[in-house]
Amino acid sequence: MSAAEVILLARVVLNQWRNAQQRRMGSLLVPTGSRMDLEHWVKSVMRKIKVNVDGAIFANDSRFGAAGVARDHQGRFIEGFTVSREGCVDSAMAELVGVKEALSWIKRKQWGSVVVETDSLVVVQAIQSMVNIPSPFGLQVAACRSLMADLSLVTINFVKRSVNKAAHCLARSSCLYPDRIFSEDNVPADLLSIVMVESSY
């Protein structure tokens, strides 16, 4: 990790400690809009699209990937994407690349009201903070902030890993299906089964 990334993580931990001291409950400083009480995926409100994002690392192949899954307010699958990149990165960077790709995808699709969910607390805190991070991680954060500025009705929230199963499933498949867009016609069966189960919640 770069020095700037160590500083960012130190600030996150310091904020968590301060929050715990002030509130005397829970040690996690949860970003705006995040739902730590959720144990499984839930539908969005009417006319709002929900996009879950996750990253995956394939260390043996010196690659990493990410994926996003978009669903409507009834939990129905709209579209999904995967990206696959060369390089050895940590999990935070893989997640961050996924969020940036998701925001670019949302902008291309010209979707209006969207909530993006990821299970990387560091990524959400970095994007929502005003800290300038002079590193490759910081450049990706800046790109996300720029995209968010153009997408006024898009929010990003932190959720538990158990809420992010569909995106996790697709991200793990990004090595098999690199740089793909999935529609209802060609969605992988294992992903579709997760979406169908979660749409019943």
Side-chain angles (χ1 to χ4, degrees), residues 1-2 4-13 15-16 28-36 38 41 49-71 79-107 114-129 131 133 135-148 151 154-180 182 191 194:
M1 296 179 70
S2 69
E5 288 166 326
V6 172
I7 290 170
L8 173 65
L9 291 174
R11 285 180 175 157
V12 168
V13 173
N15 286 338
Q16 291 173 353
L28 190 64
L29 180 63
V30 181
T32 304
S34 299
R35 295 289 306 272
M36 286 300 295
L38 296 180
W41 188 88
I49 294 171
K50 183 173 280 191
V51 175
N52 288 83
V53 182
D54 202 14
I57 296 171
F58 308 102
N60 291 341
D61 300 321
S62 297
R63 298 190 71 84
F64 67 97
V69 177
R71 287 173 272 191
E79 204 169 90
F81 76 87
T82 60
V83 293
S84 180
R85 302 284 184 267
E86 290 185 3
C88 296
V89 301
D90 62 14
S91 59
M93 180 62 96
E95 298 269 0
L96 183 58
V97 168
V99 169
K100 188 190 82 168
E101 292 296 328
L103 293 172
S104 297
W105 179 50
I106 291 165
K107 188 174 181 179
V114 182
V115 57
V116 177
E117 293 182 339
T118 174
D119 56 25
S120 176
L121 179 61
V122 169
V123 166
V124 176
Q125 287 182 321
I127 293 170
Q128 291 184 352
S129 77
V131 178
I133 311 165
S135 70
F137 183 86
L139 290 174
Q140 295 286 339
V141 169
C144 289
R145 290 175 185 163
S146 177
L147 285 163
M148 292 283 289
L151 301 166
V154 174
T155 57
I156 180 167
N157 297 334
F158 168 70
V159 293
K160 292 180 179 178
R161 188 168 295 176
S162 60
V163 178
N164 218 28
K165 289 179 183 175
H168 177 76
C169 169
L170 196 55
R172 295 304 307 169
S173 300
S174 62
C175 58
L176 301 174
Y177 308 111
D179 303 312
R180 293 271 296 273
F182 295 97
L191 173 60
I194 293 171

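None of these values were measured; they are calculated from a predicted model.
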*asked:* I106 vs I49, test: side-chain contact (heavy atoms from CB on, under 4.5 Å). Steps then yes/no.
replied: CA-CA 10 Å; I106 291 165; I49 294 171; over 6 Å; no

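- In terms of modelled atom types and a separation under 3.5 Å, the side chain of R145 and the main chain of S129 share a donor-acceptor contact.
- Summarising the geometry, atom NZ belonging to K160 is positioned 13.0 Å from atom CG belonging to L121; distances are rounded to the nearest 0.5 Å.
- Panel note: side chain S104, backbone K100; a donor-acceptor pair is recorded below 3.5 Å.
- R71 approaches A166 most closely through the heavy-atom pair NH2-CB, 3.6 Å.
- Nearest approach of F58 to A171, heavy atoms of both residues: CZ-O, 3.7 Å.
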Practice prompt. Apply side-chain contact (heavy atoms from CB on, under 4.5 Å) to L151 and V114, showing your working.
Written response: CA-CA 9 Å; L151 301 166; V114 182; over 6 Å; no

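- Side-chain contact, E117 with N52: a donor N or O sits under 3.5 Å from an acceptor N or O.
- Rounding to the nearest 0.5 angstrom, the gap separating the CG atom in L96 from the OG atom in S91 is 11.0 Å.
- A distance of 11.5 Å separates CG of N164 from CH2 of W41, quoted to the nearest 0.5 Å.
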Does the side-chain contact (heavy atoms from CB on, under 4.5 Å) test come out yes or no for V97 and M93, once each step is laid out? CA-CA 6 Å; V97 168; M93 180 62 96; 4.2 Å; yes

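- Remark: side-chain polar atoms of S174 are not paired, donor with acceptor, to backbone N or O of L170 under 3.5 angstrom.
- Proximity of R85 to D179: side-chain heavy atoms (C-beta onward) are separated by under 4.5 Å at one or more points.
- Applying the salt bridge (charged side-chain N to carboxylate O under 4.0 Å, His left out) test to pairs two or more places apart or on separate chains, none has a residue in residues 162-177.
- Pairing each heavy atom of F81 with each of G98, the nearest pair is CZ-O, 3.9 Å.
- For the pair D119 and D54, the minimum side-chain heavy-atom distance is below 4.5 Å.
- Taking 4.5 Å as the limit, some side-chain heavy atom of I156 sits within range of a side-chain heavy atom of I127.
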Would you tabulate the side-chain donor-acceptor contacts of residues 60-69 under 3.5 Å, counting partners in other chains and residues two or more places apart, or write 'none'?
{"residue": "R63", "atom": "NE", "partner": "S84", "partner atom": "OG", "Å": "3.2"}
{"residue": "R63", "atom": "NH2", "partner": "S84", "partner atom": "OG", "Å": "3.1"}

- prompt: Between V51 and W105, does a side-chain contact (heavy atoms from CB on, under 4.5 Å) hold up when you go through it step by step?
  reply: CA-CA 10 Å; V51 175; W105 179 50; 3.8 Å; yes

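- The OG1 atom of T155 sits 9.5 Å away from atom NZ of K50, with the distance rounded to the nearest 0.5 Å.
- A distance-only check finds no donor-acceptor pair linking the side chain of E101 to the backbone of V53 [under 3.5 Å].
- Nearest heavy atoms, I57 versus V89: CD1-O, 3.4 Å.
- Judged by distance alone, with hydrogens and angles left aside, the side-chain atoms of T82 form a donor-acceptor pair with the main-chain N or O of Y177 at under 3.5 Å.
- Expressed to the nearest 0.5 Å, how far OG of S162 lies from NE2 of H168 amounts to 12.0 Å.
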